*Asks:* 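This structure is in structure tokens; I'll ask about it shortly.
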Amino acid sequence: MQYKSLDVLENVMVAENIYKLTLKGEYEVKPGQFFMLKSWEDEPILSRPFSIYDKGEDYISFLYEVKGKGTEKLSRLKKEDKVKVLGPLGNGMDVSRIKGKVALIGGGIGIAPLAYFAKKIEADVDIYFGFRDEVYGIENLRNKELFITTKSGRVGYKGYVTDIFNPFDYNLVITCGPLVMMNKVKRICEKTATPLYLLMESKMACGIGACLVCACKTKDGMRRVCKDGPIFKGEEVVLDA
Amino acid sequence: MQYKSLDVLENVMVAENIYKLTLKGEYEVKPGQFFMLKSWEDEPILSRPFSIYDKGEDYISFLYEVKGKGTEKLSRLKKEDKVKVLGPLGNGMDVSRIKGKVALIGGGIGIAPLAYFAKKIEADVDIYFGFRDEVYGIENLRNKELFITTKSGRVGYKGYVTDIFNPFDYNLVITCGPLVMMNKVKRICEKTATPLYLLMESKMACGIGACLVCACKTKDGMRRVCKDGPIFKGEEVVLDA
Amino acid sequence: MLEITLWGKKFKNPVIAASGTFGFGREYNELYDVSVLGGIATKGLTLKKREGNEGERCYETAGGMLNSVGLQNPGIDYFIENELTFMKSLNTVIIANLSGGSIEEYVKGAEKLDKSDVDIIELNISCPNVKEGGMNFGIKSKVAREVVREVRKVVEKPLVVKLSPNAEDIVDMAVSCVEEGADGISLVNTFKAMAIDIYKRKPVFKNVFAGLSGPSIKPIALRMVYEVSKAVDVPVIGLGGIRDYKDAIEFMMAGASLVQVGTANFINPFACIEIVKGMENFLKVQGINSIGEIIGIV
Amino acid sequence: MLEITLWGKKFKNPVIAASGTFGFGREYNELYDVSVLGGIATKGLTLKKREGNEGERCYETAGGMLNSVGLQNPGIDYFIENELTFMKSLNTVIIANLSGGSIEEYVKGAEKLDKSDVDIIELNISCPNVKEGGMNFGIKSKVAREVVREVRKVVEKPLVVKLSPNAEDIVDMAVSCVEEGADGISLVNTFKAMAIDIYKRKPVFKNVFAGLSGPSIKPIALRMVYEVSKAVDVPVIGLGGIRDYKDAIEFMMAGASLVQVGTANFINPFACIEIVKGMENFLKVQGINSIGEIIGIV
Ligand SMILES: Cc1cc2nc3c(=O)[nH]c(=O)nc-3n(C[C@H](O)[C@H](O)[C@H](O)COP(=O)(O)OP(=O)(O)OC[C@H]3O[C@@H](n4cnc5c(N)ncnc54)[C@H](O)[C@@H]3O)c2cc1C
Ligand SMILES: Cc1cc2nc3c(=O)[nH]c(=O)nc-3n(C[C@H](O)[C@H](O)[C@H](O)COP(=O)(O)OP(=O)(O)OC[C@H]3O[C@@H](n4cnc5c(N)ncnc54)[C@H](O)[C@@H]3O)c2cc1C
Ligand SMILES: Cc1cc2nc3c(=O)[nH]c(=O)nc-3n(C[C@H](O)[C@H](O)[C@H](O)COP(=O)(O)O)c2cc1C
Ligand SMILES: Cc1cc2nc3c(=O)[nH]c(=O)nc-3n(C[C@H](O)[C@H](O)[C@H](O)COP(=O)(O)O)c2cc1C
Ligand code: FES
Ligand code: FES
């Protein structure tokens, strides 16, 4: 974990409200890990967490959706601007150990971390990405089994990823997206006792495990998304949604 | 008085820590008037007052010194950035009525408004500008009687403007600069009863006369620098310095 | 849609310019037509003219500002003779903010204002009690009670008491004022605060303390408005750090029937009208027919 | 230059990480060597393990943040067995922040901590009194007195009482705590505040209220530290919104012998060490030989 000021190499809009930010820096990162980013001075006072989306020898990149003040400010970044970066953070997953067939199930911007899982997992991977309308974040997934759903029907299957996903086929499922979607995936996997990992989200303050602001309710009590997570086992997490 | 968002045409450093900012906009402005500028979002929460330094048909310009957070942020402005501008504000002076010989006495960044006085006054003008070391803000004064002093002796007379200025020669004196300087000028002018105007400074909140934050102590009680000033008669003002 | 009638006065909308930040309306009226506002609260008025404080009067802090204007104002007689006619011509509700340094001063001022054309009197009890060692009238409920009781005796117009957030117990304070006859409660005034010039090794302000206002105080002000609204059955005017329509809606949902906007006028000179427009839009988008529906909904 | 000895404990410098923002030091120690700090205050510890609050725990405001963590902590026994040895190895002053829901809970917790290796006990009285309707122990001096008195009986270590800024009278509160035996006073904890989700028409937090911290509260916190420092003759630890060395110097000039840094750790993870370096530089540039010279200079 380091705290550094990195140069922006690129910040491009890849779909409506969706941007890809590439920063110059060398890191060792596991899929599912994230960084706290800040490209502004005063407000908002806190940094914002973003999952590793892609990485090269001397860069890291993020795929983000503009939601509020912080991401709006990120979206204005230009080449050579600076970003304060804390990370890598969170448990992440040692994907080299994965055996058997894996399903990655993402919804909306939740696909961002899964794209990096797809890139790093050497085992057999099927990818299920669900979007509202426009599709993004799949440029690194050309040689993979990719099932796209859109709510509007614009691309792929018209409907939700949970409509087409069958847990029988998989030894491991990893999911990230809206709570409702993850909840459905969880229930589907429970039926077949398919091992499941969830990537949880939560508002964060410190990002490193010190403040207990990013609580996730689990069977063992409250745990920290930023330090004990963001990856939690399906059976651990208590989803309120 | 208007409140508008203007385009930056130019923002250049003209001396160490001194910048000239030119904004696209058409205004009628009297010498001594000022604008409240803000080129940032959250902090500092207040706009900053700057005197009109120069003006053309479709632009206004300011000469400013970087002092704190606000001016530091102004200094980062680039062409096509936006600035929120409230003004013109303050009494200003109807210089067409001036008769006889005028002395403009400025110190440091206090020369900024005086440069515009020099440009607009049709009567006979002598200019006394004092600097610490580097000279700036004189590009529009080529055909005028200009006496420069520097504390370091780098340019012109080594010393202070008040060393070389003789009130006997003038029917009117206008001064702007550090309080100590203005105080000296005031005492000099009092000896010869030479009419004097001071351009006062004060921290401002509203800039338009509503909040009473920018008080200037005068013989008639507290007056508002932003509305009753910034130009005050020498005999009115009670200087604490 | 935004209209609301309280104390028999019709407010075009719930947005009022807060005392001390809007003068007597003249200056902002040069910038936009201030008659679109729900109301205007005057600069704090005292019986006699006051010059206010010397030294620094303003200092910025994170998300806020400290002020130490010190009740500079031309006095109530001057106000009635020279400012009120203009204000009344603005065609919006005029609230006279009454300040004072002793109970007698408050009462005499109240008598004059009550006979004048102002619509509402807002009793500002965040003033130092000159006779009692300078402690603010707004700290102890017992002291505030006395002022409100005496002023109430001479005031027939609607009487709103403006509370200090420095009150020992804000809910008890509000209840006490209502018991003494307040027709409404407005809160909050500025927080007692300070700043130090570390180079001069001195307080920034001559009076050491100054009043904190602006967005930074909003979460505390909102909490107080919520607590007070639940405890009293007179209308509450909420303020403290409101800078956009969302803040204003929060205060109304917390229980305020009207809101005031102070420091935000300095942050953005169009703040008040933008808030009015923003609230209107919010109601439309949310399918709310009248602002009354959301008052105290939380 | 920055060294200071209080209660027989040597602080390398006056900068302490504030309770609840620095865990037990482990996490920030992965980022930088936290032994350079003057001290670390632990997360608020209670007799039994606590899960803390459900729902939102954090919400940003202008220049600050609201938190509703709700004293999540592993309990004092766990702390002593599993965290304290590590903390002591950090070679800095360890302050155990003691929280509780009843006087008995406080006292039992204090007994355990007093027998442990912690250097100082910081009694956090900004806790809801579960037995008495949930009102905070830190509001009324009378209630606070009782807690301090009982805890003092069982504590031999230096006992610092951490005040709530929501106290009815902060000076009276501090004086009362000192009269009951507090060796020092730290202030301020978070301000009672709230936020509303205007789309859901509900408070953001399940508990409605949450605690405001960060730069936005600094001017009020500084005022309270100034007032309290003048009123008590024990050392004062100042905190509330400190984000850079200038803020820290302001608190010390106002009378604080030590400062704590909380929310600023989130704004800038290096905040604490940058403040230490900044203070050192300030003293050098200003020709001050020892930090002691400026404590309470204003
Ligand atoms: C471990 C982790 C990894 C993440 N990775 C990515 C990513 O790769 N790409 C991406 O676009 N986003 C990601 N997010 C979410 C991202 O952090 C939030 O969208 C961002 O913080 C919003 O900031 P803002 O200032 O724009 O919005 P705000 O103004 O803070 O909020 C706008 C809206 O978003 C909600 N929101 C704010 N923060 C969060 C949060 N942390 N989780 C859920 N909802 C939130 C708010 O409640 C509000 O409704 C991740 C979050 C976590 C915790
Ligand atoms: C009517 C008027 C016209 C002005 N015209 C010009 C101009 O043409 N060019 C120019 O460079 N400056 C001008 N100033 C001064 C300018 O407004 C301040 O330098 C500026 O506000 C500083 O902002 P800051 O955020 O950079 O500094 P801050 O961080 O606010 O303060 C830095 C330092 O400057 C002092 N300071 C801040 N504001 C003022 C102020 N209004 N007056 C005096 N000292 C202040 C502070 O006390 C502090 O010591 C004018 C001021 C007034 C009132
Ligand atoms: C410069 C200034 C002057 C003020 N003068 C008065 C006053 O005369 N009487 C009064 O009741 N409140 C006065 N206030 C307080 C405001 O009316 C308001 O209660 C406070 O600023 C909080 O609201 P805000 O955060 O929207 O500014 C003043 C505030 C400021 C900033
Ligand atoms: C997330 C968070 C958790 C906190 N937990 C505690 C706590 O357990 N005990 C305590 O005494 N104070 C706690 N505090 C209060 C801080 O220690 C500090 O008093 C307050 O935040 C003001 O300082 P700051 O503005 O520097 O953060 C907490 C503050 C935050 C932001
Ligand atoms: S964000 Fe602080 S513990 Fe997770
Ligand atoms: S700045 Fe408000 S009256 Fe001058």
Side-chain angles (χ1 to χ4, degrees), chain C residues 59-66 139-140 165-170 172 190-204 208-212 214-227 241 243 245-254 282 285-286 288 294 297-298, chain D residues 59-66 139-140 165-170 172 190-204 208-212 214-227 241 243 245-254 282 285-286 288 294 297-298:
Chain C
Y59 183 82
E60 279 168 281
T61 61
M65 63 176 268
L66 295 165
I139 308 296
K140 295 195 176 290
N166 307 311
E168 292 192 343
D169 180 337
I170 197 79
D172 183 61
T190 56
F191 287 75
K192 186 176 177 187
M194 78 182 283
I196 290 173
D197 183 325
I198 60 173
Y199 303 102
K200 295 193 187 143
R201 304 182 194 182
K202 271 197 224 154
V204 166
V208 181
F209 307 121
L212 181 66
S216 54
I217 66 170
K218 195 202 84 177
I220 315 177
L222 183 68
R223 181 267 294 180
M224 290 180 171
V225 166
Y226 174 86
E227 290 181 327
R243 70 173 156 183
Y245 78 91
K246 290 185 197 163
D247 295 331
I249 297 283
E250 278 191 78
F251 275 84
M252 305 218 35
M253 288 186 170
F282 177 81
V285 172
Q286 296 278 312
I288 300 162
I294 61 164
I297 203 171
V298 165
Chain D
Y59 183 83
E60 279 167 279
T61 61
M65 63 177 268
L66 294 165
I139 309 296
K140 295 195 179 287
N166 307 310
E168 293 192 342
D169 180 337
I170 197 79
D172 183 60
T190 56
F191 286 75
K192 186 177 178 187
M194 79 181 285
I196 290 173
D197 184 325
I198 60 172
Y199 303 103
K200 296 193 186 141
R201 305 183 193 180
K202 271 196 223 153
V204 166
V208 183
F209 307 119
L212 180 66
S216 54
I217 66 169
K218 195 201 85 179
I220 314 178
L222 183 68
R223 181 267 293 179
M224 290 180 169
V225 167
Y226 174 87
E227 290 181 326
R243 70 173 156 184
Y245 78 90
K246 290 184 198 164
D247 295 331
I249 297 283
E250 278 191 78
F251 275 85
M252 304 214 41
M253 287 187 171
F282 177 82
V285 172
Q286 296 278 312
I288 300 161
I294 61 164
I297 203 170
V298 164

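Keep in mind that this is a model prediction, so the values were computed, not measured. Each chain gets a letter, A, B and so on, in the order its sequence line appears, and its residues count up from 1.
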*Asks:* Side-chain contact test, heavy atoms from C-beta onward, threshold under 4.5 Å: evaluate it for D:N166 versus C:R223 and give yes or no.
*Replies:* yes
*Asks:* Kindly compute the distance separating CD1 (D:I220) from CE (C:M194), expressed to the nearest 0.5 Å.
*Replies:*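 Result: 13.5 Å between the selected atoms.
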*Asks:* Answer yes or no: is there a side-chain heavy-atom contact under 4.5 Å between D:I198 and C:M253?
*Replies:* yes
*Asks:* Heavy-atom cut-off 4.5 Å, strictly under: side chain, backbone, both or neither for D:L222 against chain C?
*Replies:* both
*Asks:* What residue, out of D:G64, D:G214, D:A195, has the most heavy-atom pairs lying under 4.5 Å from chain C?
*Replies:*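 Looking at each option in turn, the highest pair count goes to D:A195.
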*Asks:* Quick one: which of D:A167, D:G63, D:P219 has the most heavy-atom pairs under 4.5 Å with chain C, could you say?
*Replies:*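 Winner by heavy-atom pair count: D:P219.
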*Asks:* Please look at D:F251 and chain C and tell me whether the side chain, the backbone, both or neither of the residue comes under 4.5 angstrom of a heavy atom of that chain.
*Replies:* neither
*Asks:* Check whether C:K192 gets within reach of chain D through its side chain, its backbone, both or neither, counting any heavy atom under 4.5 Å.
*Replies:*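 Backbone plus side chain of C:K192, per the 4.5 Å heavy-atom cut-off to chain D.
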*Asks:* At a heavy-atom distance under 4.5 Å, which candidate from C:M224, C:K202, C:E227, C:R243 has the highest pair count against chain D?
*Replies:* C:E227
*Asks:* Go through the atoms of C:L212 and report whether side chain, backbone, both or neither lie under 4.5 Å from a heavy atom of chain D.
*Replies:* side chain
*Asks:* How many angstroms lie between atom CG of C:D197 and atom NZ of D:K246, to the nearest 0.5 angstrom?
*Replies:* 10.5 Å
